[in-house]
Structures are given as structure tokens and as C-alpha cells.
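Bear in mind that the values here come from a model prediction, so they are computed numbers and not experimental data. Chain letters run A, B, ... following the sequence lines, proteins first and then strands; every chain starts at 1.
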2 protein chains.
Amino acid sequence: MKVSARSDTAQAAPLPVDLADGVFPAGCPSRTVLDHVTSKWGVLILLALSEGEQRWSDLRRRAEGISEKMLAQTLKTLERDGLVRRDAQPVIPPRVDYSLTDRGYELSALLVPLVAWAFENAEDIVNGQR
Amino acid sequence: MKVSARSDTAQAAPLPVDLADGVFPAGCPSRTVLDHVTSKWGVLILLALSEGEQRWSDLRRRAEGISEKMLAQTLKTLERDGLVRRDAQPVIPPRVDYSLTDRGYELSALLVPLVAWAFENAEDIVNGQR
DNA sequence: ACGGGCACTAACTTTCATGTGAGTACCTTA
DNA sequence: TAAGGTACTCACATGAAAGTTAGTGCCCGT
């Protein structure tokens, strides 16, 4: 799990060929998807929903600092991308539940370790600007 | 208010407690780190370097569409974050090699599957905008 | 009856990431 | 002599992302 290595021998892992060919060219769809997923609020919403279905107002409170506009926009994008499912119940007061689709869970499974890593290393990185 | 996912196959995976507490608050360092890492060009550079040491001009050609300014800026940020190592040789013509630090390799190990996923699912996602 | 919560939308503004184009200083090859 | 490669920096422009403010219609508690 650890890359045990001296600095000058850290391992170069060659990328899968199709990835190397596909991601680097400008204008490939993966860049768009990556942009949605890695947007400032996209990550947070995906992460929050990975814990299970949640309501609009729950998400609003959870992703501290998000505006209603950005919440709506982010959810719409993720829904269009087939990562989030929207379930609006015709009750009063309105109740809308958001959850991840299967594809969304696939993604969040990859996102969680990344965010965990960022969280664990954040202090070191921000402090140690050497 | 524990909620359970209602989907047939997708499961709600609770986040580690410290992560849940740490990432959502506004202004936490992990957001900054995540921003650097998931910036438009940050991902590409990290990915390119995960294959091994590369020169400035190699990177420029590799990350198709990047401007010199953005390449310099991105590399500087990643270097300050301790993810990229810069090795300038005092030769003429100038030769500067960039490579990942151990921490950089740790990150790229998490980044690669994410990008691979994005690449594999990109077409489906972009096409299926119903 | 008044403020508040709910789930939004629309219009407008600001901020910031990114793009553009130029310049630097040296050397090699044609 | 000129063109081109190497690794940059700087000033300025632009455009997309994000923030701000307001408004909608309904209901519930006090």
C-alpha cells in the first residue's frame, strides 16, 4: 500500500495505454466529466450522498457554505450525468430526496479515498510550504 | 435521522467520522488541497508524471492544449505542495526535470483509477443526457 | 397574521482560473 | 544570418464559476 521508496527511486507506474491516449488530448469527454466531478461542490455533494439518501435542506446544511444556487446547479449537473437520482414527492410541504445512482456509487467509491488522503495530508501540505 | 438507500444494488457507505467532520466545514485545508489537485491541469500533470520523470517541454507536449503560463503555474503549485520535485541542471541549453515526490506518487495512485473511471464512463455520460 | 421552513428559479455581479501574446537570454543547426 | 529550441516571466484580456439578492407558493406553529 505504501510506496516505500527513496526519493530518487520512486516508482514510475506506466498508465494503461488507452488512458494515456485518451485523457491527454484536448476536448475529450473525460475532461468534461472530470470537471463536473471535481468541481468545488461536486465532490462534497457526491461525498455527502455516499452516506445515503438525503433531502435538499439536509445537503444545504451539510455542505457548509454552499449557496442555494450552487446546490441546485450542482445537483442538476450530477443528475444529468446520471450520478444522482432525484425523487420529488408531491406532498406539502415539498419533499425531495436525492441519492446516488449505481454509477454514482461507483464514482464515490473512488472519490472517498482521494478525499480522505487530501484530508489527512492537508495540514502537512499547507503548513510545509518549503 | 439515519436514512437508508433505497436502491436495489447500491449501498450507502458511511464515511469515516473524521472525514465527515473534517471535509464539509468551509475553509478547511483539505478543500484547498483538493482544489490544487483537481484543477484542470493539475490532474493531467500529475498523471503524466506518474509515468516517470519528464522535462518541461515533454510535459508541454503531453498535456495537449496547456499554455506555457499554466504549465509553469501548475508545476509551481504542485511543487509548493510537495507533490512534484523540480531538478534544474545548470547546463546550456537549460534542462529541467520534473518528477513526483513520494507523496505525489501516493496521490497519483488514487488519481489514476478515478481518471480511468472518468475515461471509461465519459461517453455514456455525455451521450446519455436525456 | 407573522415569521419561518421547504424547494426551488432568475437576474445580476464579482472573483478567479485560465488564455493570449509578448519578451528574455543563451545556444545549436542550417 | 536567421530560425528554432530550451525554460521561463510578465502584463493584460476573457470567460466560466461562484456569490448575492430577490422572489415564488404553499403550509405550520405561535
Heavy atoms, side chains only, cut-off 4.5 Å: are B/V43 and A/T38 in contact? no

Of D/dT6, C/dT9, D/dG19, the nucleotide closest to the side chain of A/A72 is C/dT9

Among the nucleotides C/dC6, D/dG19, D/dT9, which one has an atom lying closest to any side-chain atom of B/K76? D/dT9

How close or far is atom C1' of C/dC6 from atom CZ of A/R86, stated in whole angstroms? 13 Å

Is there a side-chain contact between A/L47 and A/V112 (heavy atoms, below 4.5 Å)? yes

Residues A/E51, A/R62: salt bridge by 4.0 Å N-O rule: yes

Less than 4.0 angstrom between a side-chain N/O of B/R61 and OP1 or OP2 of D/dA7, yes or no? no

Rounded to whole Å, the CH2-P distance (B/W41 to C/dC16) equals 22 Å

Using a cut-off of strictly less than 4.0 Å, decide whether A/K40 has a side-chain nitrogen or oxygen near OP1 or OP2 of D/dG19. yes

Separation of B/D58 atom CG from D/dT6 atom C1', in whole Å? 11 Å

D/dA7 OP1/OP2 closer than 4.0 Å to side-chain N/O of B/S57: yes

Could you tell me how far apart A/M70 (CE) and C/dC16 (C1') are, to the nearest whole angstrom? 14 Å

Can you measure B/R60 atom CZ to D/dG4 atom P for me and round it to whole angstrom units? 15 Å

If you look at every strand shown and take non-hydrogen atoms under 4.0 Å, does A/Q73 touch a base, only sugar-phosphate, or nothing? nothing

Does A/K69 get its side chain close enough to the base of D/dT20, under 3.5 Å, for a donor-acceptor pair? no

Any idea which of D/dA18, C/dA7, D/dT6 is nearest the A/P94 side chain? C/dA7

Rounded to the nearest Å, what distance is computed from the CZ atom of residue A/R95 to the C1' atom of nucleotide D/dC27? 16 Å

With a 6.0 Å cut-off (strictly less than), is the heavy-atom count around CD of B/E64, excluding the residue itself, greater than 12? yes

Nearest whole Å is fine: how far is D/dA7 P from B/I66 CD1? 14 Å

I'd like to know if the side chain of B/S108 and the backbone of B/L111 have a donor-acceptor N/O pair within less than 3.5 Å. no

Please give, in whole Å, the distance from C/dG21 P to B/L71 CG? 18 Å

Hey, which sits more toward the 5' end of DNA chain D by its nearest nucleotide, A/S67 or A/P93? A/S67

